[in-house]
**Q** 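One structure coming up, written as structure tokens, with questions to follow.
Computed from a predicted model, the values in this text were never measured in an experiment. Reckoned from all heavy atoms, side chains included, excluding hydrogens, waters and symmetry mates. Just so it is clear: chains get the letters A, B, ... in the order the sequence lines come, proteins before strands, and each one is counted from 1.
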Number of protein chains: 2
Amino acid sequence: MEESLNSKYSTDEEQIDFGVLDQLLGYKLRRAQLKFFSRFSAACSDLGISPGLFGVLVIVKENPGLTQTAVAQALGNDRSAMVAAVDKLEQMSLIERRPSKKDRRSYALFLTPSGETFSERMIERVIDQEEGQYQRLKDGEKEWLLDVLTRLAN
Amino acid sequence: MEESLNSKYSTDEEQIDFGVLDQLLGYKLRRAQLKFFSRFSAACSDLGISPGLFGVLVIVKENPGLTQTAVAQALGNDRSAMVAAVDKLEQMSLIERRPSKKDRRSYALFLTPSGETFSERMIERVIDQEEGQYQRLKDGEKEWLLDVLTRLAN
DNA sequence: TATTGTTATACTCTATAACTATA
DNA sequence: TATAGTTATAGAGTATAACAATA
């Protein structure tokens, strides 16, 4: 660690004028999302699961038998990115590639038994972590937010 | 282009169960933010300005004379990332590094005259692009969203 | 001809550590 | 001792293009 953790110098950060950035949803979305990702990492990095891998785990858990390409499309990624993700989850013995009976080009993805218990535990942890942030929200704002964000993403 | 743009095969995407992902602010924030970034790029990539460079431009415009480190802290980045960003904006003749009179280790950052007019034009474009998305929102939701996202990011 | 999984590749973003010159 | 700018570097994340096997 090169940097000092308790600097004696003022950063002047509290006096900075953010101009139009304070009125832009794109900027505010980015800042909020970065906070959520770093909180996710703090809560889950010891398990070796990134937010992206967590998404794959949940989609396969809820939709057993999906192909890699279908999972990629559900998450909005390119199928080439799925190879390393499934490789890693398979090395962790959480997921299994079974040859598809209908189409010999593709695999059907399933959680292993330990993948099932692992993902249950992870989901609990992620929900706990999110609930810790709900104190920043008023009654009903979480549901409202989920609805608005879904509309903005479509 | 290897891929066909009008596939005849169903993706089954509309039938996928997203499970807990549909209830997680972190996931929804990421999806919404990715949409905003791709819309930003579609609207502004011809000008050679990414969302990150736009942030630097706005902070320097509103706070002339700041050091690179102060800008980095305002935007939540590491100061090492600021070098390439300021280099690029300087090559585009939008920003200027002036030696600080108080501290010979640091530079004071300013917009050039063309940087001023350029950033005005960019800000208009970014606002126009955002306003195109407000049709997805109901009355008052934008202001409420800015407030909630600010609370979540702190 | 088109699609699946794969590989190679590249580009961006981000963060860390170490260096120099200054403070 | 600490800080500002810099460099080198490395790790994610993401995307494109091409290939073999299969449809």
**Q** Round to a whole Å and report the spacing from NZ of B:Lys101 to P of C:dA23.
**A** 15 Å
**Q** Using the closest heavy atom to pick a nucleotide of DNA chain D for each, name whichever of A:Asp103 or B:Val86 lands nearer the 5' end.
**A** B:Val86
**Q** Mind checking who shares a hydrophobic cluster with A:Val148, ILVMFWY linked at side-chain heavy-atom distances under 4.5 Å?
**A** A:Leu25, A:Leu29, A:Phe36, A:Tyr134, A:Leu137, A:Trp144, A:Leu145, A:Leu146, A:Leu149, A:Leu152, B:Leu25, B:Leu29, B:Phe36, B:Tyr134, B:Leu137, B:Trp144, B:Leu145, B:Leu146, B:Val148, B:Leu149, B:Leu152
**Q** Could you pull out all residues at least two apart from A:Ser100 that satisfy side chain to side chain donor-acceptor pair (under 3.5 Å)?
**A** none
**Q** I need the CZ-P distance between A:Arg105 and D:dC19, as an integer number of Å.
**A** 18 Å
**Q** With a 3.5 Å cut-off and sequence neighbours excluded, list the donor-acceptor pairs that the side chains of residues 46-59 of chain B form with protein atoms.
**A**
unit_1  : atom_1 : unit_2   : atom_2 : d
B:Asp46 : OD1    : B:Arg125 : NH1    : 2.9
B:Asp46 : OD2    : B:Arg125 : NH1    : 3.3
B:Ser50 : OG     : B:Leu53  : N      : 3.3

**Q** Output the rounded distance in Å from CG (B:Leu109) to P (D:dA4).
**A** 13 Å
**Q** A:Arg79 side chain: which of C:dT4, D:dG5, D:dT22 is closest?
**A** C:dT4
**Q** Within less than 4.0 Å of OP1 or OP2 of D:dT3, is there a side-chain N or O belonging to B:Thr69?
**A** no
**Q** If you find the nucleotide of DNA chain D closest to B:Ser106 and the one closest to B:Asp87, which residue's nucleotide is nearer the 5' end?
**A** B:Ser106
**Q** Looking only at the side chain of B:Tyr107 (C-beta and beyond, no hydrogens), which of the listed nucleotides C:dT22, C:dT3, D:dG5 gets closest?
**A** D:dG5
**Q** Do A:Glu141 and B:Arg151 touch side chain to side chain, with heavy atoms closer than 4.5 Å?
**A** yes
**Q** Between P on D:dT7 and CE on B:Met82, what's the gap in Å once rounded to a whole number?
**A** 15 Å
**Q** Grab the N/O contacts between the protein and nucleotides 8-16 of chain C below 3.5 Å, and write none if there aren't any.
**A**
unit_1 : atom_1 : unit_2  : atom_2 : d
C:dT14 : OP1    : A:Arg30 : NH2    : 3.2
C:dT16 : O4     : B:Ser80 : OG     : 2.8

**Q** Round to a whole Å and report the spacing from CZ of B:Arg31 to P of D:dT14.
**A** 10 Å
**Q** Can you tell me which residue pairs pass the side chain to side chain donor-acceptor pair (under 3.5 Å) test with a partner in residues 62-71 of chain B, sequence neighbours excluded?
**A** B:Gln68-B:Arg97
**Q** Check the distance between D:dG13's C1' and A:Leu75's CG and give it to me in whole angstrom.
**A** 14 Å
**Q** Please determine if a side-chain N or O atom of A:Arg104 lies less than 4.0 Å away from the OP1 or OP2 oxygen of C:dT4.
**A** no
**Q** Roughly how many Å is it from CZ in B:Arg98 to C1' in D:dA4, rounded to a whole number?
**A** 19 Å
**Q** For the pair A:Glu130 and A:Arg39, find out whether any cationic side-chain nitrogen is under 4.0 Å from an anionic carboxylate oxygen.
**A** no
**Q** Are any of B:Arg97's side-chain N or O atoms less than 4.0 Å away from OP1 or OP2 of D:dT6?
**A** yes
**Q** Keeping to residues at least two apart or across chains, list the salt bridge (charged side-chain N to carboxylate O under 4.0 Å, His left out) pairs with something in residues 17-27 of chain A.
**A** A:Asp22-A:Lys28
